[in-house]
Amino acid sequence: MLNVLISAETAYLFRHAVIRDAAYDLLPPTTRATLHGAALAIMEELARELPQQVADSWCGELADHARNAVDPNTPGHEDYQQRELDYLRRAAAYESRNWQNVRAVSLRERIWNHSLADDLVRFDALYEATETLVRSGRPNEAPALAEQAIEIAQRIGSADHRNRAWAAKAQAMAILGRHEEAEELNRTALKAAAESGEPHLQARILITVASVAQSRGQWERSEEAARQAWELLRSTGDQQSAARTQLFIGDSCWQQGRLGDAADYFRQALETYCITGHLGGEATARDHLGSVLRESGRLEEGRQEHERSAAIYSDIGDALGYGSAITNLATALTSEGRLHEARRYRVLADGLFRSAGALHLEGVGLGNLGSLERRLGLLESASQRFQRARDLFLQSGHLVEKAVFDAMFGQLLLLLGFQDAAATNARQASEDLTRLGTPHWRAQYVAPLEVRLAVERMLHGSAEAERAAEDALIVIRRTAESAGATAGSMLAESVRLSEALLAEARKPEPLIYHGHLVSELEPAVRLALLDRGRKIEPPDRQQWIARPWLLDAMQSGTEGVAVPDWESGTGGS
């Protein structure tokens, strides 16, 4: 009775993958091709009855069957090749819509290498792959593909195609920190686009100009370029593209300290996306709005916008968007002191970025996770996160971010007592950001570390250290003033903390531990540092004998706090 109930299909399944593959390989090539052709015909017949979205999800497998059905010894194989190409194009578009970026780029590589693809098809595949690589955080691979697309555009004599490829390449160059090359490309492309009179392309290049300016901390220039793009797009009636430029304008206003203006632009973009039914745009606008509300001190409103953004991204299946939204939600929760909840979101976002192959986003996520784990006292885990983030930035070519997180890692190294390593990180980050022409980021991230290092040297009797701390503080103040930094912003907080450190260091009994105010270290961090010192370093009794007030301050408020498991990084989460 049991055998009767088992279907024929199930009865003849090869349940071991090796046996199945061996049986497949034993088939003659012509027989294999015939079977794939039959499978293709069956799937095509079934797909005709499916909704378009579901049918598109089958296209990758249909393309594989069409490719494997090709047998040069039998008639009709050209038809299978054409069907493979058609299915590859549908599959790539489907995967890109669903933010499956690694899969989308792989499919497009098959398209531009396909024997039946003409120059226009190859251009589209190369151009879309370039855009996808930039969007997914792998810009180091993009310029070479853009260059191939430019060669095709020049061969077919299409100025519009060439200008699009120039703009895509410029965007990748900007992200890679090759700002001079990006700006030269932008100037050339913008001139050519203006001559062609194509407003959408002009706007696209202007947005790239704005992006380059933002990456260099040139917020006024960024705002000007984004406003020009906005005016061009408004004249075309393209509401959604115009809304996207409003997000750029809002970002530029935000960075210049005009939080109210930024919120207004984000709300205008949000309204447009809601009216036009663009869910992805709505989620992005809400995420931006949430961040500026949070920085304005409206923490609950900001968190709610991040939650709405994450819910929309989840509904439409945008994994990278969802990861970005919950990353910002984690920041909001951190501002509210809900650190363990924030850590769970950051760990989830890290998994999403990693599975999507988004190296840059994964690096940013890991760096932020490292900063959060440091606050939780998970010191070893935080160190590992920073080092992994650095490797990802090097791999993906994001040198500005590498330098920024080198400086952040330097603060952790200093806190752990590795003063020379922290100084090396500060020096390298400073050189990198100066070379890349981004003094704004140097002032925001490196100068605060330089203040901490100088203050630590002051405590050990260095006569020159106080002057070095004052010089670094001047750099932060000037940058904060030029950016119009408001209370609560990162630059304003850097000024406040640096001034407090310098004032504390001048006291007879300074409450400073390895370049950090004791008051800025959470009880779990202080307890982890004391526990770490007992476990892996010889107890320095003379230090505490000489500075008993510091030991008392480090121990104060740690009663009843569990020692974080800094070696495994679990920390009770």
Side-chain angles (χ1 to χ4, degrees), residues 174-180 212-219 255 360 363-364 366-368 370-371 374 382-383 385-387 389-394 396-460 462 464-483 485 489-499 501-502 505 514-516:
I175 294 172
L176 293 171
R178 295 161 64 176
H179 297 122
E180 299 302 328
V212 174
Q214 283 190 2
S215 67
R216 305 187 80 167
Q218 299 169 349
W219 309 115
Q255 294 296 337
H360 167 244
V364 172
L366 282 171
N368 288 331
S371 296
R374 195 211 75 156
S383 175
R385 307 287 193 190
F386 280 124
Q387 292 177 73
R390 181 182 187 278
D391 292 343
L392 288 170
F393 292 136
L394 282 172
S396 62
H398 285 75
L399 300 183
V400 172
E401 287 87 342
K402 172 197 167 290
V404 165
F405 280 102
D406 270 347
M408 294 172 70
F409 185 29
Q411 289 205 27
L412 175 61
L413 290 169
L414 178 60
L415 185 61
L416 294 172
F418 302 123
Q419 186 173 334
D420 290 344
T424 298
N425 270 37
R427 184 168 54 253
Q428 185 63 58
S430 178
E431 290 173 359
D432 287 345
L433 292 174
T434 301
R435 175 174 51 81
L436 293 167
T438 52
H440 177 90
W441 301 125
R442 187 198 171 283
Q444 186 159 319
Y445 292 97
V446 181
L449 174 57
E450 291 173 339
V451 170
R452 293 184 186 278
L453 285 162
V455 162
E456 184 63 18
R457 294 199 304 274
M458 283 175 63
L459 300 182
H460 289 83
S462 171
E464 299 176 358
E466 186 169 359
R467 181 61 185 169
E470 290 173 344
D471 288 345
L473 178 55
I474 289 171
V475 171
I476 306 170
R477 280 178 179 154
R478 286 176 177 171
T479 305
E481 289 169 3
S482 65
S489 67
M490 186 176 293
L491 272 170
E493 281 298 292
S494 292
V495 171
R496 185 187 66 79
L497 265 176
S498 297
E499 289 175 343
L501 268 166
L502 199 51
H514 292 171
H516 290 71

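No hydrogens, no waters, no symmetry mates; every other heavy atom, side chains included, goes into these values.
- Residues Phe409 and Gln387 form a side-chain contact, since some pair of their non-hydrogen atoms from C-beta on lies under 4.5 Å apart.
- Proximity of Leu415 to Arg452: side-chain heavy atoms (C-beta onward) are nowhere separated by under 4.5 Å.
- The backbone N or O of Gly370 lies less than 3.5 Å from no partner atom in the side chain of Arg385, so there is not a single donor-acceptor pair.
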Practice problem: Dump the intermediate steps for side-chain contact (heavy atoms from CB on, under 4.5 Å) on Met408 and Tyr445, then the final yes or no. | Solution: CA-CA 7 Å; Met408 294 172 70; Tyr445 292 97; 4.2 Å; yes
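- Checking side-chain atoms of His516 against main-chain N and O of His514 turns up a donor-acceptor pair under 3.5 Å.
- Ion pairing between Glu464 and Arg467 fails under the 4.0 Å rule for side-chain N and carboxylate O.
- Distance check: Lys402 NZ to Leu433 CG gives 9.0 Å after rounding to the nearest 0.5 Å.
- A donor-acceptor pair is defined here as one N or O able to donate and one able to accept, closer than 3.5 Å; such a pair exists between the side chain of Asn425 and the backbone of Asp406.
- Between Gln214 atom CD and His440 atom NE2 the span is 10.5 Å, to the nearest 0.5 Å.
- A donor-acceptor pair under 3.5 Å is absent between the side-chain atoms of Ser430 and the main chain of Ala426, judged by distance alone.
- Within the 4.5 Å cutoff, side-chain heavy atoms of Glu470 are placed close to those of Leu502.
- Closest approach of Ala454 to Ala465, counting heavy atoms only: O-CB, 3.2 Å.
- For the pair Gly367 and Ala389, the tightest heavy-atom approach, listed with the atom from each and the gap, is N-CB, 3.9 Å.
- Looking at heavy atoms from C-beta onward, Leu399 lies out of side-chain contact with Asp432 at the 4.5 angstrom threshold.
- Contact of the Leu392 side chain with the His360 side chain is not registered, since no non-hydrogen atoms from C-beta on lie closer than 4.5 Å.
- Separation of atoms CG (Leu436) and CD (Glu431) is listed at 11.5 Å; rounding is to 0.5 Å.
- Separating the CD atom in Glu493 from the CD atom in Gln444 is a distance of 12.0 Å, to the nearest 0.5 Å.
- Glu456 and Gly515 get closest at one heavy-atom pair: OE1-N, 2.8 Å.
- Looking only at side-chain heavy atoms (C-beta outward), Leu453 and Arg457 come within less than 4.5 Å of each other.
- Taking CZ from Arg442 and CG from Leu449, the interatomic distance works out to 10.0 Å, rounded to the nearest 0.5 Å.
- Separation of atoms CD (Glu401) and CG (Leu394) is listed at 11.5 Å; rounding is to 0.5 Å.
- Side chain of Ser498 to backbone of Pro448: no donor-acceptor contact under 3.5 angstrom is found.
- The shortest distance between side-chain heavy atoms of Val451 and Ile476 falls below 4.5 Å.
- Between the side chain of Gln218 and the backbone N or O of Ala213, no donor-acceptor pair lies under 3.5 Å.
- Residue Arg435 qualifies as enclosed at atom CZ: its count of foreign heavy atoms under 6.0 Å is above 12.
- Across Val404 and Trp441, no two heavy atoms sit closer than the pair CG2-CB, 4.4 Å.
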